[in-house]
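Here the structure comes first, spelled out in structure tokens, and everything after it is commentary.
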Amino acid sequence: MKIMANFENLSSTEKIRAALHRDVRSMCSEACHLLGLDVTKPAMAVISELIYKKLIVYGSDLEAFAKHAKRTIINSDDVKLLVRRNPSLKARLNNAQSSIKATVVRDKRRKTVVPVNKQTDTTKERPKEDEIAVSKSKETEREANKINDNLEMEVSEMIDLTFD
Amino acid sequence: MARNSIENDDDNIDPASVASNIKSSLKQEVIKELLHGSFQDNKTKLGNDALSLIVEVAKCLVTETCLRASTQALRESCDKVELEHVEKCLPQLMLDFP
């Protein structure tokens with residue numbers, strides 16, 4: 001029997017699962033279409049379930065790593081420790097991290113340079129930044145709503161929640 | 001289904017180009033919620049840089065699974081990636097990923 005549930009009525013874990021399933025599905029179909037292939041639904045369901053289980057294991061591992069280092073906050077070193085046995089993945093993560101760091105440093109520089117050089121501009125710029133932040137939060141809210149709507153639609157369309 | 005004209009040659013798959021061409025990605029919020037659900041201790045928190053790295057790992061896992069399953073499907077000259085293709089590449093995948 002299939003349970004065609006409304007997204008609102010799902011429990012939080014089911015919501016997470018459904019959201020993950022949606023993302024994985026779009027990634028899978030995109031990847032396979034780039035190779036000129038089609039993916040069947042069960043294949044995508046299995047892949048998303050695999051990701052779900054893997055991420056839960058990663059979560060408990062990372063918690064243990066952080067605990068061992070006597071920290072309560074998981075940081076990037078823990079993640080690198082997690083992938084230590086796969087050198088290519090490690091290299092990829094290092095690249096990703098350096099690119100993240102570069103953007104962060106650039107942002108920081110912008111913030112520090114502005115008050116020193118253009119003191120007149122700071123008064124103008126600050127409210128702008130606030131506005132941007134506000135509009136961004138609104139945007140994210142709207143996006144979330146949209147996502148919810150999308151999810152609701154798609155969930156009612158196709159997810160069969162009886163797996164597992 | 002219609003084959004992509006660029007990738008028509010079955011033996012020439014460039015994983016890096018495919019991986020970099022995937023536009024859609026996993027939502028950070030979803031992964032964050034999931035990981036928070038898996039923590040035993042409520043005090044444990046997740047740093048922002050760590051979260052983006054985990055998302056990167058998860059993305060790698062998805063693309064890698066898809067590519068390996070696709071390669072398997074091409075090897076069997078199917079034009080659909082079925083469950084069995086995923087199943088066949090699963091053991092090696094589980095060994096390669098932590």
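What you see is a predicted model, and the numbers here were worked out from it, not measured in a lab. Letters go in sequence order (proteins before strands), and every chain restarts at 1.
- The number of heavy-atom neighbours closer than 6.0 Å to NZ of A:Lys67, taken from other residues, nucleotides and ligands shown, is 12 or below.
- The distance from the NE2 atom of B:His85 to the OG1 atom of A:Thr40 is 9.0 Å, given to the nearest 0.5 Å.
- Interface residue A:Lys54: only side-chain heavy atoms are found under 4.5 Å from chain B.
- Contact annotation for B:Val30: both backbone and side-chain heavy atoms come within less than 4.5 Å of a heavy atom of chain A.
- Looking only at side-chain heavy atoms (C-beta outward), A:Asp23 and B:Ser24 stay at 4.5 Å or farther from each other.
- Using a 4.5 Å cut-off on side-chain heavy atoms (C-beta onward), A:Met27 and B:Ile22 make contact.
- Options B:Leu51, B:Val62, B:Val86 differ in how many heavy-atom pairs under 4.5 Å they form with chain A, and the most are formed by B:Val62.
- The most heavy-atom pairs under 4.5 Å with chain B, out of A:Asp77, A:Val83, A:Ile47, A:Val57, come from A:Ile47.
- The candidate from A:Ser12, A:Ala64, A:Ala96, A:Gly59 with the greatest count of non-hydrogen atom pairs under 4.5 Å with chain B is A:Gly59.
- Between B:Met94 and A:Leu50 there is a side-chain heavy-atom pair separated by less than 4.5 Å.
- Only the side chain of B:Leu90 comes within less than 4.5 Å of a heavy atom of chain A; its backbone N, CA, C and O stay farther away.
- Contact of B:Asn48 with chain A is not made at all, since no heavy-atom distance falls under 4.5 Å.
- B:Glu56 and A:Arg92 are joined by a salt bridge, as a carboxylate oxygen and a charged side-chain nitrogen come within less than 4.0 angstrom of each other.
- Counting only heavy atoms from C-beta outward, the side chains of A:Leu62 and B:Thr44 never approach each other to under 4.5 Å.
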